[in-house]
Amino acid sequence: MAKVTVWGSLRSQTGGQATVEIEARNVMELLARLGESYPGLQPTLKRGVSVSIDGLIYREGWLQPLQPETEVYLLPRMTGG
Amino acid sequence: MPLDNPSANTRKYKLVGTRPDRQDGFDKVTGRAKFGADAVAPGQLAGSILRSPHAHARIRSIDTSKAEKLAGVKAVVTRADFPDKTAGDSGLFDILTNIMARDKALYEGHAVAAVAAVSPAVAKQALKLIKVDYEVLPHVTDVDEAMKPTAPVLHPKLFTEGLAEKPKKPSNIARRYEFGHGDVEAGFAKADIIVERSFKTEATHQGYIEPHACLANVSPDGSGELWVCTQGHFMVRDYCARLLGLEISKLRVTASEIGGGFGGKTTVFLEPVALALSRKANRPVKLVMSRDEVFKCTGPTSSASIDVKIGVTKDGLITAADATLRYQGGAFPGSPAEFGAMSAFAQYHLDNVRTIAYDVVTNRPKQAAYRAPGAPMANFAVESMIEELAHKLGMAPIDFRIKNAAREGTRSSYGPVYGPIGLLATLEEARKHPHFKAPLGPNQGRGMAAGFWFNFGGQSCVSLNIPVDGTVTISVGSPDIGGSRASMCLMTAEELGIPYEHVRAIIADTSSLGYNDVTDGSRTTFATGMACILAARDAIKKLCQRAARMWGIPEEAVTWEKGYAKPAGANAGNFPPLSLKEIAAASGGTGGPIAGHHEYSADGAGVSFATHICDVEVDPETGATRIVRYTVLQDAGKAVHPSYVEGQFQGGAVQGIGWALNEEYVYGKDGRLQNAGFLDYRIPVCSDLPMIDTKILEIPNPGHPYGVRGVGETSIVPPLAAVANAVSNAVGVRMTELPISPPRLLKALDTVSLAKAS
């Protein structure tokens, strides 16, 4: 079970939980199951997110593997100028 | 894997780290380079756009009949020519609405119709014949005013996201974000000193010299070509195809040379309109913006209103930090408020931190990205407070920053724990820099600030071709804004072991390469550069295969060294090395052309930090501020072409100086922009500035084979605060609003004088 921390204003969509546990082998599975488990997150996920895996930020890394002890943070989709 | 390059810091480079001339330089200094407005097509028409004079107005009707009858007019388009094909994608629908107004004009300059005619004069004449029936509505341009319950609402279906419950009424607040960890109230309870202030910054434009321009040519068979000045021609292709219902593969987009972008050319404005006109007229159509249009209709950055509260102990440890950030992003959701919130305190080790951000819409042009979007304004507020707290504590500001600096293992204010980061290195380097020891003169002050930006990698695709003379062409899909072609050539030549002059880079069109992300996010030298290295390695495998065939030995028995194929050992045979040139010359007979290729999505860019030091001199009579000395210290991972790294450092600093001292969007009470030109919107020029000193730190990024880290954006983050701190220290008044223009500074000085007198 990957432990995923969502940013503060998304916690109203996860029943107030800062961190939720999701069974997922990689980022793609994680995002899909996160949306299934917490439908209120769907608009945010649809708009696009980045994830931080053990401190390293991935914008596109859907296939990055996740280990049970991995620290995952959901972040807004990275942008730049 | 992103972090499998541990040897980057031990590698010795022959070319990477040198400063050869850029290969596009000759064309640019002789006027041969072709920019957006330089393309010509047989039979092309001149396009022109009619724009709303009102900040907010309902469009009751548009009558184009007289314009269509004018001799020489070949096509007129309005909202009716842009049916909604966005399939529920709200972000794309906003772009559609921005390029051509639908039910309402949402800001002064919003496009309401466009004409293609045989000459610019006829096109302008036709615009005057278009009758638009407007119902003028109340408007709002200030972020704080726009958040009030009494403010005119721009979008009746906009309900704030990010709240515990969906609001019952629409408002101008599109989204609320919150980040942080710990317990800020408990943290403040432990503080000996708490300081709380509010700050404001104005919108600034990216200020690129080249206005937006394109030439569109759509054929009746549904295929099309577009020549355009942009930071990302694949992005332009995909947006235009989706907005106009074209097949992506039938639209071929070529990027022109680009006269600056800085984030402002990361979306579409003219391009879908030019394509729609061309499709309707069945002729090529060129559209070129005037400077007035660039200011009024393309994206400046957000203006911001920010509250910051920080608590510290007597010995200088921050116990809690809290900020509320309000960013207006023009007439559509999407201001970089969340990135302001995420980056505000990112340079500090904090046990208790909270940032709340609001993305707000107003009757201004839709904001576009600008170097490290959202971060400079937040940094201005936080680093101003850090300076003030240091003074209250009696600590040197740099010592206070070092004491509280984020480091490896720090939980960032936006969540994840940092790996190895270079902030402390820039701060320590700053502390021992001669700039810090230089004496200050009368009316002079010194300020500093530390700043952060994320960086990212993204999608890149590179093809490398080796013709028979042994020279090399690399085709990349990332428009070159800051000298990236030189860096691509350096890395490719380094990898192949051939001279820099033997490699040439071109920006290929969208039909020649796989998708490439926009040149933004400080990603190109990192990600596209890595794709060049990996394409070169792919080519080396093929070169070794050809050598093996020529020698009649197994491929595995050939190795590549300094531009030559060699037998891997004595058992492989005794053959004289074959140069790249010799293998290329024989390629026709050994298997045909030799090419390398790589496509991927790069991650592992690594976050970036910088520290800036600024000296100013203030004229107390006029309120004018002059930059006396300025130093940038930043981690580049590995500087591939140090001159262009320095250029990025200097350019970011100068743009930040302009943001701090001069640049602002000035709106009248009628909601119209008062200063849409470079005479009234004052960007710093060379004669305003000293040479910006730079110090490149090279702490290798393990996410890149050579240790490269993006450098293009972080340098604009600290200047706002560094300048404001220097001015505040010079005059003894905390400056909380930008720009610190002469009238604003004089007013602050007068207020202090009056207070002292009373």
Side-chain angles (χ1 to χ4, degrees), chain A residues 2-20 25-28 30-31 34-35 38-67 69-81, chain B residues 2-3 89-91 161-165 175-181 206 231 261-264 266 301 336 338-339 342 354-357 368-373 412 414-419 453-459 518 520-523 601-607 703 710 712-713 716:
Chain A
K3 292 185 175 62
V4 188
T5 304
V6 299
W7 68 81
S9 41
L10 292 184
R11 289 172 196 167
S12 58
Q13 308 301 330
T14 56
Q17 299 175 84
T19 302
V20 298
R25 290 171 298 175
N26 57 34
V27 173
M28 187 165 65
L30 176 98
L31 297 179
L34 200 57
Y38 304 98
L41 293 177
Q42 287 286 10
T44 301
L45 297 172
K46 191 176 172 188
R47 200 157 47 236
V49 293
S50 299
V51 293
S52 161
I53 303 172
D54 288 335
L56 194 62
I57 298 172
Y58 294 83
R59 199 171 80 138
E60 316 280 358
W62 287 7
L63 302 180
Q64 281 300 316
L66 301 175
Q67 306 300 330
E69 68 277 15
T70 302
E71 182 188 77
V72 180
Y73 267 79
L74 203 63
L75 299 171
R77 182 173 170 78
M78 287 295 141
T79 184
Chain B
L3 296 177
D89 183 333
S90 62
E161 288 182 26
L163 301 176
E165 289 182 19
R175 293 177 193 123
R176 177 187 178 276
Y177 296 91
E178 183 178 338
F179 300 89
H181 56 258
Q206 296 83 349
Q231 289 178 242
F262 314 110
T266 57
T301 187
E338 72 271 43
F339 293 104
M342 292 163 71
R354 177 176 61 194
T355 52
I356 294 170
Y370 185 14
R371 271 186 143 143
S412 67
Y414 57 92
V417 173
Y418 289 128
W453 184 243
F454 295 94
N455 296 339
F456 64 82
Q459 301 176 70
V518 171
D520 69 354
S522 306
R523 71 171 217 90
S601 179
D603 285 302
V607 298
E713 295 175 289
I716 202 173

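Keep in mind that the numbers below use all heavy atoms, side chains included, and drop hydrogens, waters and symmetry copies.
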Review point. B/A369, B/G521, B/G710: which one forms the most heavy-atom pairs within less than 4.5 Å of chain A?
Key: B/G521
Review point. Does any heavy atom of chain A fall under 4.5 Å from the side chain of B/F262, the backbone, both, or neither of them?
Key: backbone
Practice item. Report yes if the side chains of A/Y73 and B/P416 come closer than 4.5 Å at any heavy-atom pair, otherwise no. Key: yes
Point to revise | Side-chain touch A/T44/A/V6, heavy atoms, less than 4.5 angstrom | key: no
**Study point:** Residue among A/I57, A/I53, A/L74, A/V72 with most heavy-atom pairs under 4.5 Å to chain B
**Key:** A/I57
**Study point:** Spatial distance of atom CD (B/E713) from atom CZ (B/F454) [nearest 0.5 Å]
**Key:** 11.0 Å
Point to revise | Any donor-acceptor pair under 3.5 Å from B/R523 side chain to B/V518 backbone | key: yes
Exercise for review: Below 4.5 Å from any heavy atom of chain B, which atoms of A/T5 appear? Answer side chain, backbone, both or neither.
Suggested key: neither
Practice item. Under 4.5 Å heavy-atom distance to chain B, tell me which part of A/S12 shows up: side chain, backbone, both or neither. Key: side chain
Review point. Under 4.5 Å between any side-chain heavy atoms of A/W7 and A/P76, yes or no?
Key: yes
Check your understanding: Where on A/E71 is there a heavy atom nearer than 4.5 Å to chain B: the side chain, the backbone, both, or neither?
Key -> side chain
Check your understanding: CZ/B/F339 to OH/B/Y414 distance, rounded to the nearest 0.5 angstrom?
Key -> 11.0 Å
Check your understanding: Using a cut-off of under 4.5 Å for heavy-atom pairs, which of B/R176, B/H181, B/R175 has the most such pairs with chain A?
Key -> B/R175
Review point. For B/Q459, is it the side chain, the backbone, both, or neither that has a heavy atom closer than 4.5 Å to a heavy atom of chain A?
Key: side chain
Exercise for review: Under 4.5 Å heavy-atom distance to chain A, tell me which part of B/Q231 shows up: side chain, backbone, both or neither.
Suggested key: side chain
Check your understanding: Between A/L10 and chain B, which part of the residue has a heavy atom less than 4.5 Å away: side chain, backbone, both or neither?
Key -> neither
Study note, to complete from the structure: d(A/M78 CE, B/W453 CH2) to nearest 0.5 Å is 7.5 Å
Review point. B/L163 versus chain A, heavy atoms under 4.5 Å apart: side chain, backbone, both or neither?
Key: backbone
Check your understanding: Say you draw a straight line from OG1 of A/T14 to CG of A/L34; how long is it, rounded to the nearest 0.5 Å?
Key -> 8.5 Å
